[in-house]
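Worksheet: the structure to be examined is printed underneath.
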Amino acid sequence: MNPGIRTYHEVDEVRSELPDQIAAQDERLAARLASVSRVVAVMSGKGGVGKSLISALLATALARRGERVGLIDADLNGPSAAGLLGVEPGPLVDGPDGLEPAVSPAGIRLMSMALLLEPDRALAWRDAADAGFVWRGAQERGAVREFLSDVAWGRLDTLLVDLPPGTQRLAELHGLVPGLAGALAVTIPSAASRDAVARSLDLAETRGIRVVGVIENMAGARCDECGALAHLHTGSAGEDLAKRFDIPLLARIPFDRRLAAAADEGTLDAWFAEAGPEANLLAELAAKLRPAGAGEST
């Protein structure tokens, strides 16, 4: 990891100091987020639904509207936001106010484990062989806490946090950011996805976390020739979840080969510029999510 970020691989050696370190870091976190208008989680509870792509698309759409936006890729073991946003790996600068985030061509400030690891290297925690499974969760929470508190985000209108699969990830983020502005749920139409996302939404409801709405991804595939939609999955998870939890179904995003190519190439901003139907839909969604006055100050 970059020397500007403190790691948790020495946790076994500093257990007695850990509470004080966490308390000090929580103070830095609160001070850092004082210049962030709101933090929004993008969650699913299930892998393979395209949540990271939706996070990158929303960040790009917000940036295109003039908003100051940041994105935390909290999937430490499978980070993908850097590639989606067209951010080339390279050394990060440890500035006077903290580690400087990477900046995408669209102006999105990004922190991701992919920027701290060598290419194609897996994330590996150093821990005691007989207690690694106990400490790994604390190490991962600590890394996300550092992304929030030790990165020089500056003034932001919206900071999106792309959460990894698992219901507890939202609870952990809420513990770090009690003033979480809300969460967006991402699903695909299938019943399996519906059931997994429902557990995350139930947790959000239990914790009193506001859910902005649900986005159904891969809602069919658009034909390149005629523009017609063909079903990829059975089920209606987006509608089912919206009804079950009394939340808006914000968008149904079909699979589009041009979007898939733009994601692989890190050219989402250029994809938006083509102003296709899905790009317009996401731009409209970004307008709904955009806080009042965003992008008006410098």
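Note that the structure is a prediction, hence the values are computed from the model and not measured.
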Check your understanding: So among Arg109, Arg68, Arg65, which one has a salt bridge (Lys or Arg N to Asp or Glu O under 4.0 Å) with Asp157?
Key -> Arg68
Study note, to complete from the structure: Separation between CG (Asp97) and CH2 (Trp153), nearest 0.5 Å, reads 12.5 Å
Review point. Is there a side chain to side chain contact (heavy atoms under 4.5 Å, CB included) between Ile108 and Val103 once you walk through the steps?
Key: CA-CA 5 Å; Ile108 299 160; Val103 180; over 6 Å; no
Point to revise | Sub-4.5 Å side-chain heavy-atom contact between Leu241 and Arg244 | key: no
Check your understanding: For the atom pair CD1 (Ile54) and CG (Leu282), what is the distance rounded to the nearest 0.5 Å?
Key -> 6.0 Å
Study note, to complete from the structure: Here the pair of heavy atoms bringing Asp73 nearest to Ser80 is OD2-N, 2.9 Å
Review point. Got a donor-acceptor contact below 3.5 angstrom from the Arg155 side chain to the Val36 backbone?
Key: no
**Study point:** side chain to side chain contact (heavy atoms under 4.5 Å, CB included) between Leu84 and Ser52, intermediate numbers included
**Key:** CA-CA 8 Å; Leu84 292 168; Ser52 294; 4.1 Å; yes
Check your understanding: Looking only at heavy atoms, what is the nearest atom pair of Ala196 and Gly45, with distance?
Key -> CB-O, 4.2 Å
Check your understanding: Heavy-atom distance under 4.5 Å between the side chains of Val186 and Glu216, does that happen here?
Key -> no
Review point. How long is the span from the CG atom in Leu259 to the CZ atom in Arg257, to the nearest 0.5 Å?
Key: 13.0 Å
Practice item. Can you see which heavy atom on Ala237 is nearest to which on Arg194, and at what distance? Key: CB-CB, 3.5 Å
Point to revise | Exercise: do Thr60 and Asp269 side chains pair donor with acceptor under 3.5 Å | key: no
Review point. How many angstroms lie between atom CD1 of Ile209 and atom CG of Leu203, to the nearest 0.5 angstrom?
Key: 6.5 Å
Check your understanding: Within a strict 4.5 Å, meaning less than it, do heavy atoms of the Pro254 and Met218 side chains meet?
Key -> no
Practice item. Carefully, step by step, assess Leu163 and Asp75 under the rule side chain to side chain contact (heavy atoms under 4.5 Å, CB included). Key: CA-CA 6 Å; Leu163 293 175; Asp75 191 342; over 6 Å; no
Check your understanding: Any side-chain heavy atom of Asp150 within less than 4.5 Å of one from Leu99?
Key -> no
Check your understanding: Between Leu76 and Phe147, is any pair of side-chain heavy atoms under 4.5 Å apart?
Key -> yes
Review point. What is the distance from atom CD1 of Ile215 to atom NZ of Lys51, rounded to the nearest 0.5 Å?
Key: 12.0 Å
Practice item. Just jot down the side chain to side chain contact (heavy atoms under 4.5 Å, CB included) partners of Ser193, sequence neighbours excluded, or say none. Key: Lys46, Val49, Thr187, Ile188, Ser190, Val197
Exercise for review: Please report the shortest heavy-atom distance between Ala279 and Trp271, naming the atom on each side.
Suggested key: N-CH2, 3.4 Å
Review point. What distance separates Leu159 CG from Ile72 CD1, expressed to the nearest 0.5 Å?
Key: 4.5 Å
Point to revise | Side chain proximity check, Ile253 to Leu281, heavy atoms < 4.5 angstrom | key: yes
**Study point:** Where Ala181 and Arg210 come nearest, the two heavy atoms and their spacing
**Key:** O-NH1, 3.4 Å
Point to revise | Contact summary for Glu239 and Leu249, nearest pair of heavy atoms | key: CG-CD2, 3.8 Å
Practice item. Output, in order, the C-alpha distance, side-chain angles, deciding distance and verdict of side chain to side chain contact (heavy atoms under 4.5 Å, CB included) for Leu148 and Arg145. Key: CA-CA 5 Å; Leu148 287 162; Arg145 180 188 282 111; 5.7 Å; no
Review point. Are the side chain of Glu67 and the backbone of Thr158 linked by a donor-acceptor contact shorter than 3.5 Å?
Key: yes
Review point. Would a 4.5 Å heavy-atom cut-off, applied to side chains only, mark Val214 and Leu184 as touching?
Key: no
Check your understanding: Is any side-chain N of the basic residue among Asp202 and Arg207 closer than 4.0 Å to the acidic one's carboxylate O?
Key -> no
**Study point:** Side chain to side chain, Pro101 and Leu115, heavy atoms closer than 4.5 Å
**Key:** no
